[in-house]
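The structure appears below as structure tokens.
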There are 2 protein chains.
Amino acid sequence: MATTSLRTLQPRKTPVQERSAATVDAILQAAIQVLVSVGKERLTTTLVAMRAGVSVGTLYQYFPNKSALLQASLKRHMHGVATSVDHICKEYRSTSLLTMGSVLIDAYLSAKMRNVKESAALYAVSSDLDGLAIAKAAHARGCRVVAELFATASEGLTKDPEIVATMVMAALNGVSRRLLEAKSPEREHAPLREELLVLVRGYLLTCIQTKPAI
Amino acid sequence: MATTSLRTLQPRKTPVQERSAATVDAILQAAIQVLVSVGKERLTTTLVAMRAGVSVGTLYQYFPNKSALLQASLKRHMHGVATSVDHICKEYRSTSLLTMGSVLIDAYLSAKMRNVKESAALYAVSSDLDGLAIAKAAHARGCRVVAELFATASEGLTKDPEIVATMVMAALNGVSRRLLEAKSPEREHAPLREELLVLVRGYLLTCIQTKPAI
DNA sequence: TGTTTAGATGAAGGAACCTTCAGCTTTGGA
DNA sequence: TCCAAAGCTGAAGGTTCCTTCATCTAAACA
């Protein structure tokens with residue numbers, strides 16, 4: 001069963017010409033647009049194809065079924081966020097824990113806020129059975145990378161970096177979700193970011209071995 | 001449209017005899033069970049009716065449509081959690097902020113962990129268009145109640161209680177979701193609870209006017 | 001006991017929509 | 001220019017599942 005779902009996730013046909021690569025891209029973009037405008041419940045493959053300017057048949061040449069299409073959309077979105085975080089994690093190795101926390105918050109939040117509607121709409125996808133696995137995997141990978149970053153902190157850690165990373169990421173998730181589902185996320189962005197900074201800083205301070213003056 | 005959805009949410013028929021009240025209860029319980037066993041995607045009204053030991057027709061006498069059924073299930077679940085939090089918020093007025101944070105975490109987490117599968121399965125419902133409104137409303141109400149609690153803290157607050165409550169609840173949500181979606185939530189419950197305590201305590205300390213020794 | 005009302009039934013209507021496939025068009029190279 | 005391969009089309013098949021309603025049973029009450 002797992003084998004089947006993994007196999008069916010693969011594109012039916014791999015684009016070899018340039019135009020088909022553009023088609024796949026258009027379909028994925030259209031999927032997001034439809035998701036944003038009508039929601040996951042009312043998204044149909046025909047609607048997505050129309051929006052992409054192709055026929056349904058074309059869609060089914062690159063995605064074996066509707067679920068695969070949604071999963072691909074979700075993966076694409078999460079990959080964007082993950083890339084931002086990865087970048088930060090490479091760049092800020094061996095700095096102070098508080099710096100790490102601060103830049104992590106900025107990277108994660110601004111990646112999510114880059115396209116508010118899209119991020120919010122994809123929550124519906126990441127909650128169903130197929131999406132959940134992808135979301136979990138992405139989250140787990142994110143925690144691992146952040147844990148590795150924390151392990152290089154100039155101050156020593158009193159706790160397992162994995163646990164610290166898990167907590168920070170969970171808080172980040174909670175607050176960003178709250179933000180994305182707010183009436184006007186743009187307006188609340190700055191204040192919530194500040195407050196999140198306070199929250200994470202307070203926590204990270206308790207994870208440092210020799211407490212500094214600040 | 002809002003009027004329509006509100007009207008259709010109302011039960012089609014109000015139970016007047018005792019047996020029908022029991023039927024409604026059985027249907028709601030069955031909805032949760034089906035949700036847990038096959039997920040929201042594959043839940044059908046016929047399946048729910050079968051599980052409840054009634055016919056589909058009976059289901060449609062109390063719920064105007066499938067969406068209303070799911071919404072009712074979600075409401076029931078959230079009401080359970082809200083009741084726990086409300087209770088705490090009445091009981092711990094005028095205590096210290098740290099006490100409030102601690103009992104809040106316990107109340108919220110144990111309410112969610114009371115039935116792990118159910119809580120996890122309902123995330124799918126709370127993410128779709130109909131469920132989102134309910135979830136948001138419940139969350140907003142929770143924040144308001146907690147903010148009122150925080151406003152009575154024996155120590156003075158340096159910030160708007162609403163903001164403090166929002167952050168604490170967002171962190172709570174993030175961590176409990178992470179917990180509920182873990183492979184074995186029971187095993188991780190205690191350690192994550194401890195860590196959540198540290199996280200929230202650290203934050204609340206920064207919200208107190210005159211910093212105490214502890 | 002008879003009548004009225006509440007409650008329950010489940011086959012069938014019918015809409016929605018995923019997915020296929022036989023045939024058409026475009027592209028790239030020989 | 002011409003052909004083979006890649007790409008595209010969209011009507012139609014088929015399935016799933018929501019929802020209804022004519023009909024039956026159980027309960028309350030006089």
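Each chain gets a letter, A, B and so on, in the order its sequence line appears, and its residues count up from 1.
Among the protein residues, A:Thr44 comes within range of the sugar-phosphate backbone only, with heavy atoms under 4.0 Å from sugar or phosphate atoms but none that close to a base. Using a 4.0 Å heavy-atom distance criterion, B:Leu47 is classed as making no nucleic acid contact. B:Val54 comes within 4.0 angstrom of the backbone, heavy atoms only, and of no base. Backbone-only engagement by A:Leu43 is indicated by non-hydrogen atom pairs under 4.0 Å involving sugar-phosphate atoms exclusively. Contacts of A:Thr58 with the nucleic acid, taken as non-hydrogen atoms under 4.0 Å apart, include base atoms.
B:Ser20 has a side-chain polar atom (N or O) that falls below the 4.0 Å cut-off from OP1 or OP2 of C:dG7. Between A:Tyr60 and D:dG10 there is no side-chain polar atom (N or O) within less than 4.0 angstrom of OP1 or OP2.
Ranking C:dT19, D:dC18, C:dT9 by closeness to the B:Thr45 side chain, first place goes to D:dC18. Picking from D:dC8, D:dT19, C:dT19 the nucleotide with the shortest atom distance to the side chain of A:Lys66 gives C:dT19. Among the nucleotides C:dT19, C:dG7, D:dT19, the one closest to the side chain of B:Asn65 is D:dT19.
For B:Thr152 (side chain) and B:Ser94 (main-chain N/O), a donor-acceptor pair under 3.5 Å exists by modelled atom type.
Among residues two or more places apart in sequence or in another chain, the side chain to side chain donor-acceptor pair (under 3.5 Å) test is passed with B:Arg51 by B:Gln33.
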**OP:** Check the pair B:Ser184 / B:Glu188 against side-chain hydrogen bond (donor to acceptor under 3.5 Å, both in side chains), numbers first and verdict last.
**Re:** CA-CA 7 Å; B:Ser184 59; B:Glu188 297 198 46; 5.1 Å; no
